[in-house]
Amino acid sequence: DIVMTQTPLSLSVAIGQSASISCKSSQSLKYSDGKTYLNWVFQSPGQSPKRLIYQVSKLDSGVPDRFSGTGSETDFTLKISRVEAEDLGVYYCCQGSYSPYTFGAGTKLELK
Amino acid sequence: QVQLQQSGTELVKPASSVKISCKASGYTFTSNYMHWIRQQPGNGLEWIGWIYPGNGNTKYNQKFDGKATLTADKSSSTAYMQLSSLTSEDSAVYFCAREELVYWGQGVMVTVSS
């Protein structure tokens, strides 16, 4: 199975600051169709997860452009510029290129 | 709009089975994979498997082989997951999520306790 390693596991930020989360996969996530199925999923406390970004850098509908995803092959980053209170919660990277889908351990974004 | 409405909280006894549901609306049920994901208390997310309701094909995470069985009823646009031989380790919230995890159900909390 592909192992997804997220760092840091916890991140304290002040409102208005930026935040960055790293996700590394144990093998390349580039699939045979040329696409890289790396998602970022967000879960606020007590809520269902919500997908924010798919295929590394494509924002889902309604996701503010404060969010951005970059990376390729095995190295990926989620950046949040100007963190807002509604952004606090847990962020997971998730690969869907190869079965079984696997998730990172999650990064908890907290208020400083 | 797309909605995935899951069944309610379950309290079940060890060694028993439970079947939870996920009713889909707002899209063509038979044309999209349905995934199931587990979240144990205080833990992260684990992918259980998917079903393609159009033909009933399934794919499981090997970890859940023999534990989870995925089915779908096209007539009611409902996906099901049966969990068998339950132990305390199976106490968790279980989510259904549409293809590529773009839409999620609200989750079903399953508690295994005597």
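As the structure is a prediction and not an experimental result, all values here were calculated from the model. Just the heavy atoms: all of them, side chains too, but no hydrogens, waters or symmetry mates, feed the values below. Sequence lines set the chain letters: A, B, ... in the order given, protein chains first and strands last, and positions in each chain run from 1.
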Mind checking whether [X] and [Y] sit in one hydrophobic cluster, side chains of I, L, V, M, F, W, Y counted as touching below 4.5 Å?
{"X": "A:Leu78", "Y": "A:Phe76", "value": "yes"}
{"X": "B:Val2", "Y": "A:Val63", "value": "no"}
{"X": "B:Phe95", "Y": "B:Tyr103", "value": "no"}
{"X": "A:Val56", "Y": "A:Phe42", "value": "yes"}
{"X": "A:Tyr91", "Y": "A:Leu111", "value": "yes"}

Shortest non-hydrogen separation from A:Ser48 to B:Gly105 and the atoms involved: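 Heavy atoms of A:Ser48 and B:Gly105 come nearest at OG-O, 2.7 Å.
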
Reported CZ-to-CD distance for the pair A:Phe103 and B:Glu46, which is rounded to 0.5 angstrom: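 If we round to the nearest 0.5 Å, A:Phe103:CZ and B:Glu46:CD are 9.5 Å apart.
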
Atom pair OG1/CG of A:Thr102 and B:Asn61 - distance to nearest 0.5 Å: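 It comes to 9.0 Å.
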
Chain B contact via A:Val41 - which portion, at a heavy-atom distance below 4.5 Å: side chain

Contacting moiety of A:Tyr92, where chain B heavy atoms sit under 4.5 Å: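 For A:Tyr92, the contact with chain B is made by the side chain alone.
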
Distance-only side-chain donor-acceptor flag, B:Gln106 / A:Gln47, under 3.5 Å: no

Taking only distance into account, with no hydrogens and no angle test, what donor-acceptor pairs under 3.5 Å do side-chain atoms of residues 27-39 of chain A form with protein atoms, sequence neighbours excluded?
unit_1: A:Ser28; atom_1: OG; unit_2: A:Lys30; atom_2: N; d: 3.2
unit_1: A:Ser28; atom_1: OG; unit_2: A:Glu73; atom_2: OE1; d: 2.5
unit_1: A:Asp33; atom_1: OD1; unit_2: A:Lys35; atom_2: N; d: 2.9
unit_1: A:Asp33; atom_1: OD2; unit_2: A:Tyr37; atom_2: OH; d: 2.5

Just so I know, are the side chains of [X] and [Y] near enough to count as touching, which here means a heavy-atom distance under 4.5 Å?
{"X": "B:Trp47", "Y": "A:Ser99", "answer": "yes"}
{"X": "B:Leu45", "Y": "A:Pro49", "answer": "yes"}
{"X": "A:Tyr54", "Y": "B:Leu101", "answer": "no"}
{"X": "A:Lys50", "Y": "B:Trp104", "answer": "no"}

Atom CD of B:Gln62: over 12 foreign heavy atoms under 6.0 Å: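 For B:Gln62, atom CD is not crowded (no more than 12 foreign heavy atoms under 6.0 Å).
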
Heavy-atom proximity to chain A below 4.5 Å, by part of B:Glu100: both

